[in-house]
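Worksheet: the structure to be examined is printed underneath.
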2 protein chains.
Amino acid sequence: MDKQVLFRKFVDFTTGVHRTTHEIAKGIKLDAVTPVQYKMLEYIAVSQPVTLSSVADCTHMSLPNTSRELRKLIDKGLCEKVVDGEDRRKQRIRLSVQGQALMNGVFGHMQTELDRRIEGLSAAQLKEIEQALDLLQTRIFK
Amino acid sequence: MDKQVLFRKFVDFTTGVHRTTHEIAKGIKLDAVTPVQYKMLEYIAVSQPVTLSSVADCTHMSLPNTSRELRKLIDKGLCEKVVDGEDRRKQRIRLSVQGQALMNGVFGHMQTELDRRIEGLSAAQLKEIEQALDLLQTRIFK
DNA sequence: CCTTCTAGTTATCATATGATAACTATAGGA
DNA sequence: TCCTATAGTTATCATATGATAACTAGAAGG
């Protein structure tokens, strides 16, 4: 097995994934939020409710900077935070109704874009894609 | 075929790819170049020689900003530019010897990381991975 | 209670990045 | 030759991001 060839394919592939997700995302142009703030929203959307520390960890940001950017998101009315009942140092952060609507729109747009890319494929071909996603995720991108 | 399920898998998958490439990249910590400069180096490395406009296009930057960042890369001794013989408005940009060495180190590190993730897999399993990469790239991440 | 740890805040600074205007130089017609 | 388009440069400004220090408040254990 030629590992050089596999590596080359790997690099080309990840480049393609980055390009594709960028193309899908750029069509959205949320002028209300910065890229970093969007990353936070995306994480909160799929994992809510979350603590500030977990947002910081998962977005690879420092706690002070995460706190600052969350404040901006709250000021924009996109997030809410409630002090945790158990441990009053912690917070439960989630999307506001408005933030949820925003992210629903984003995910809807992404789904549309994906649909556009896979339209015309047969059920068997879609199944193949699904299996390929599963395979790569369990073997490499865990 | 449940498109909702496929979409969910797609989102999880691209998230995983981003996380994995980030983990691989962060072990490198090139403190000499900024993230944007690194993106430029990566593009130049795989496509050299390139024009400034193509760097700008492929990294989604404006021409003025690309020109500025290229100047910094040249000042750091990582890139070189030569005026094109055919069309003297254009430039042929490539990595310098030092820049090539840097990127060789980066790609070597990436390959090591990939090898670590696929070690212990059989030839048949590697073949499966290769086919899955090909499939997804032609169908979705073209 | 006292100490120490955890979770988060606030303020401040430096740098990276993005946007734009005004410019030079070359190419390619008409 | 003149006009226009292309390729790139330089300068300038605003904003986003990253790093750090000094802080508050609550938890947890002795």
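All values reported here derive from a predicted model rather than from experimental measurement. Below, chain A is the first sequence line, B the second, and so on; all start at residue 1. Hydrogens, waters and symmetry mates are skipped; everything else that's a heavy atom, side chains included, is used.
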- Counting N and O atoms only, with roles assigned by atom type, does the side chain of Thr15(A) sit under 3.5 Å from a partner on the main chain of Val11(A), one being a donor and the other an acceptor?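 Yes; at least one donor-acceptor contact below 3.5 Å.
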- May I ask you to decide if the ring planes of Phe141(B) and Phe13(A) are parallel, tilted or perpendicular, using 30° and 60° as cut-offs?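 The rings of Phe141(B) and Phe13(A) stand perpendicular, inter-plane angle above 60°.
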Take atom [atom1] of [X] and atom [atom2] of [N], then tell me their distance rounded to the nearest Å.
{"X": "Arg88(B)", "N": "dA5(D)", "atom1": "CZ", "atom2": "P", "result": "23 Å"}
{"X": "Lys90(A)", "N": "dG8(C)", "atom1": "NZ", "atom2": "C1'", "result": "13 Å"}
{"X": "Leu70(B)", "N": "dA7(D)", "atom1": "CG", "atom2": "P", "result": "16 Å"}
{"X": "Asp87(A)", "N": "dC5(C)", "atom1": "CG", "atom2": "C1'", "result": "12 Å"}
{"X": "Glu69(A)", "N": "dA16(D)", "atom1": "CD", "atom2": "C1'", "result": "7 Å"}
{"X": "Leu63(B)", "N": "dT17(C)", "atom1": "CG", "atom2": "C1'", "result": "16 Å"}
{"X": "Gln91(B)", "N": "dA25(C)", "atom1": "CD", "atom2": "C1'", "result": "12 Å"}
{"X": "Tyr38(A)", "N": "dA16(D)", "atom1": "OH", "atom2": "C1'", "result": "18 Å"}

Would one find a side-chain N or O of [X] under 4.0 angstrom from OP1 or OP2 of [N]?
{"X": "Lys72(A)", "N": "dT17(D)", "result": "no"}
{"X": "Thr34(B)", "N": "dT17(C)", "result": "yes"}
{"X": "Arg89(A)", "N": "dT6(C)", "result": "no"}

Using the side-chain heavy atoms of [X], tell me which of these nucleotides is nearest: [options].
{"X": "Thr51(A)", "options": "dG18(C), dG8(C), dT9(D)", "answer": "dG8(C)"}
{"X": "Ser53(A)", "options": "dT17(D), dT9(C), dG8(C)", "answer": "dG8(C)"}
{"X": "Met61(A)", "options": "dA7(D), dG18(D), dT17(D)", "answer": "dG18(D)"}
{"X": "Ser62(A)", "options": "dT9(D), dT17(C), dT20(D)", "answer": "dT20(D)"}
{"X": "Asn65(A)", "options": "dT26(C), dA19(D), dT20(C)", "answer": "dA19(D)"}
{"X": "Pro64(A)", "options": "dG8(D), dT10(D), dT20(D)", "answer": "dT20(D)"}

- Query: Any chain of hydrophobic side-chain contacts (each under 4.5 Å) joining Val46(B) to Val17(B)?
  - Reply: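 Yes.
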- Task: Classify the side chain of Arg68(A) and the base of dG18(D) as holding, or not holding, a donor-acceptor pair under 3.5 Å.
- Result: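 Flag set: donor-acceptor pair detected.
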- Select from Arg71(A) and His60(B) the residue whose nearest nucleotide in DNA chain C is closer to the 5' end of that strand.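 This one resolves to Arg71(A).
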- Member of Arg94(B), Gln100(B), Arg92(B), Glu80(B) meeting the side-chain hydrogen bond (donor to acceptor under 3.5 Å, both in side chains) criterion with Gln48(B):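 When Arg94(B), Gln100(B), Arg92(B), Glu80(B) are each tested with Gln48(B), the side-chain hydrogen bond (donor to acceptor under 3.5 Å, both in side chains) holds only for Gln100(B).
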Identify whether any heavy atom of [X] sits under 4.0 Å from a base atom; if not, whether one sits that close to sugar-phosphate; answer base, sugar-phosphate or nothing.
{"X": "Lys39(A)", "result": "nothing"}
{"X": "Leu52(B)", "result": "sugar-phosphate"}
{"X": "Thr66(A)", "result": "nothing"}

- Between Glu69(B) and Lys72(B), is a salt bridge (charged side-chain N to carboxylate O under 4.0 Å, His left out) present by the stated rule, with each step listed? CA-CA 5 Å; Glu69(B) 298 306 317; Lys72(B) 295 177 186 169; 3.2 Å; yes
- Item | Salt bridge present between Arg116(A) and Glu113(A) (N-O < 4.0 angstrom) |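 Yes, Arg116(A) and Glu113(A) are salt-bridged.
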